[in-house]
Asks: 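To start, I am sharing the structure in question, which I have written as structure tokens.
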Amino acid sequence: MARWRDDLPESDVTPERLYLRRREFLALGAAGAVGALLPGARTLAGPEGESLAVASRSDRADGEKPTPWESITTYNNFYEFGTDKDDPSRNAGSLRTRPWTVSIEGEVKKPQAVDVDTLLKWFPLEERIYRMRCVEAWSMVVPWVGFPLGELVRRVEPTSRAKYVAFQTLLDPKQMPGQRRAVLEWPYVEGLRMDEAVHPLTMLVVGLYGRILPNQDGAPIRLVVPWKYGFKGVKSIVRIRFVEQEPPTTWSRMAPNEYGFYANVNPAVDHPRWSQAKERRIGEFFRRPTLPFNGYGAMVAQLYAGLDPRKLY
Ligand SMILES: Nc1nc2c(c(=O)[nH]1)N[C@H]1C(S)=C(S)[C@@H](COP(=O)(O)O)O[C@H]1N2
Ligand SMILES: [Mo]
């Protein structure tokens with residue numbers, strides 16, 4: 001996570017392929033570059049994988065153009081498959097995403113272990129275009145496919161003691177070679193307060209661009225919380241646990257002075273090692289100002305009334 005420094009030249013922090021594509025983009029102009037492929041480069045010709053039946057589509061990124069499939073699927077953070085941005089797309093083929101069981105447990109009236117394909121039948125799938133922003137200051141606009149986490153929460157009926165929801169990624173060093181090294185404490189864990197979990201913007205995601213989610217993006221099911229930094233979006237989820245106390249989260253365990261439980265996008269509060277005021281959309285040349293709550297403040301700011309964003313970041 002710490003590779004980005006605002007003072008590094010772009011060529012130092014951008015994988016060569018994207019850097020080349022950016023040069024190509026400048027040479028061809030926007031219209032030419034989108035469909036163009038670099039000869040010999042390991043690029044994807046277009047969305048791969050099975051298409052999903054999507055019941056509704058909505059633009060929640062104010063008409064911003066979605067980042068190309070190729071960038072969303074080759075510029076990833078998924079440390080279970082390596083720490084470089086292009087490691088997940090190269091290494092995540094070893095993850096077996098079927099059959100896949102998600103265990104729903106803890107403070108719920110209907111605890112259960114549910115197959116991911118059963119889960120998909122419970123709720124109509126929506127495509128929502130969201131702005132996403134990594135704490136490292138890169139960002140994307142992503143057409144996710146999934147369903148509101150709140151629908152699942154209601155279905156399993158949390159008890160009155162359930163105040164938080166804890167999520168856990170698969171732990172299996174055979175399938176996830178990055179887990180053979182102690183770069184993070186495994187398995188990756190994340191959490192939300194109950195009101196964040198049932199907020200209508202919060203999604204469990206199973207697809208991208210109308211297709212099944214590629215492994216490197218967190219198949220078969222991952223969390224997306226568009227007003228928070230990307231690290232809240234825990235991938236390849238096997239456990240959803242309803243709990244009374246605030247659960248531990250991977251990055252705040254790793255560096256509690258740098259990453260907090262809330263992780264709301266806040267351009268006004270610097271990360272201890274860098275400014276958070278600006279971001280670079282992958283595929284764009286110039287940085288742009290970061291929006292409070294990633295642009296979703298009108299819908300979520302009231303959840304944090306009374307919290308000091310410098311203490312509870
Ligand atoms: N299990 C797991 N989930 C994870 C991560 C990870 O390393 N492991 N990285 C997080 C971070 S830091 C970001 S920015 C997003 C990136 O999601 P994307 O690759 O689909 O853009 O995934 C998040 N979820
Ligand atoms: Mo991130």
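Both backbone and side-chain heavy atoms feed into the values below; hydrogens, waters and symmetry mates do not. Just so you know, ligand 1 is whichever comes first in the structure, and atom 1 is the first atom listed for that ligand. Counting from 1, the numbers follow the sequence of the chain as shown. A quick note: this is a predicted structure, and the numbers were derived from the prediction, not measured.
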Asks: Salt bridge check: are E136 and K85 linked by an N-O gap of less than 4.0 Å?
Replies: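 A salt bridge links E136 with K85.
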Asks: Before we go on, tell me: are the rings of Y304 and F293 under 6.0 Å apart, centre to centre?
Replies: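 Here the rings of F293 and Y304 have centres that are less than 6.0 Å from each other.
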Asks: What are the atoms of ligand 1, with element, lying closer than 4.0 Å to any heavy atom of N76?
Replies: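 Selected atoms, number and element: 18 (P), 19 (O), 20 (O).
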Asks: Within the side chain of Q175, is there an N or O that forms a donor-acceptor pair under 3.5 Å with the backbone of R96?
Replies: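 Yes; at least one donor-acceptor contact below 3.5 Å.
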Asks: Mind checking whether K235 has an N or O less than 3.5 Å away from an N or O of ligand 1?
Replies: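 N/O-N/O distance below 3.5 Å exists for this pair.
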Asks: Record the part of E136 in heavy-atom contact with ligand 1 below 4.0 Å; permitted values are side chain, backbone, both and neither.
Replies: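 For E136, no heavy atom sits under 4.0 Å from ligand 1.
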Asks: Just checking F147 against W122, ring centres under 6.0 Å apart?
Replies: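 Aromatic pair excluded; centres sit 6.0 Å or further apart.
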Asks: Show me which atoms of ligand 1 lie under 4.0 Å from any heavy atom of C134.
Replies: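 What qualifies from ligand 1 is 14 (S).
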Asks: Counting heavy atoms only, name the option from Y79, Y188, W138 that's nearest to atom 4 (C) of ligand 1.
Replies: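 Nearest heavy atom to atom 4 (C) of ligand 1 lies in Y188.
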Asks: For P88, does its backbone N or O pair with a side-chain atom of N76 as donor and acceptor, under 3.5 Å?
Replies: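 No, the answer is negative, given that no donor and acceptor are paired below the 3.5 Å cut-off.
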Asks: Which residue is it: K235, K232, K228? I am looking for the one with a salt bridge (charged side-chain N to carboxylate O under 4.0 Å, His left out) to E190.
Replies: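 Of the listed options, the one satisfying the test is K232.
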Asks: Hey, can you tell me if H271 and W274 have their rings parallel, tilted or perpendicular (30° and 60° cut-offs)?
Replies: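 Because their plane-to-plane angle is under 30°, the rings of H271 and W274 count as parallel.
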Asks: Salt bridge or not between E64 and R281? Use side-chain N to carboxylate O under 4.0 Å.
Replies: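 Counted as a salt bridge, because a side-chain N and a carboxylate O are separated by less than 4.0 Å.
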Asks: Quick one: does ligand 1 sit under 4.0 Å from the side chain of T169, the backbone, both or neither, non-hydrogen atoms only?
Replies: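 Looking at T169 and ligand 1, just side chain atoms fall under 4.0 Å.
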Asks: Are any of the heavy atoms in S236 under 4.0 Å away from ligand 1?
Replies: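 No; S236 lies far enough from ligand 1 that no heavy-atom distance drops under 4.0 Å.
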Asks: Below 3.5 Å, N or O to N or O, backbone or side chain included: is there any such pair between E80 and ligand 1?
Replies: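 Yes, there is a polar N/O contact under 3.5 Å.
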Asks: Indicate, as side chain, backbone, both or neither, the part of M132 found under 4.0 angstrom from ligand 1 when only non-hydrogen atoms are considered.
Replies: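 Looking at M132 and ligand 1, no heavy atom falls under 4.0 Å.
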Asks: Number the atoms of ligand 1 from 1 as they appear, then name those within less than 4.0 Å of a heavy atom of N77, with their elements.
Replies: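 Answer for ligand 1: 5 (C), 9 (N), 11 (C), 12 (S), 13 (C), 14 (S), 16 (C), 19 (O), 22 (O).
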Asks: Out of all atoms in ligand 1, which are within 4.0 Å of some heavy atom of G233? Include the element for each.
Replies: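 Within the 4.0 Å cut-off of G233, ligand 1 contributes 4 (C), 22 (O), 23 (C), 24 (N).
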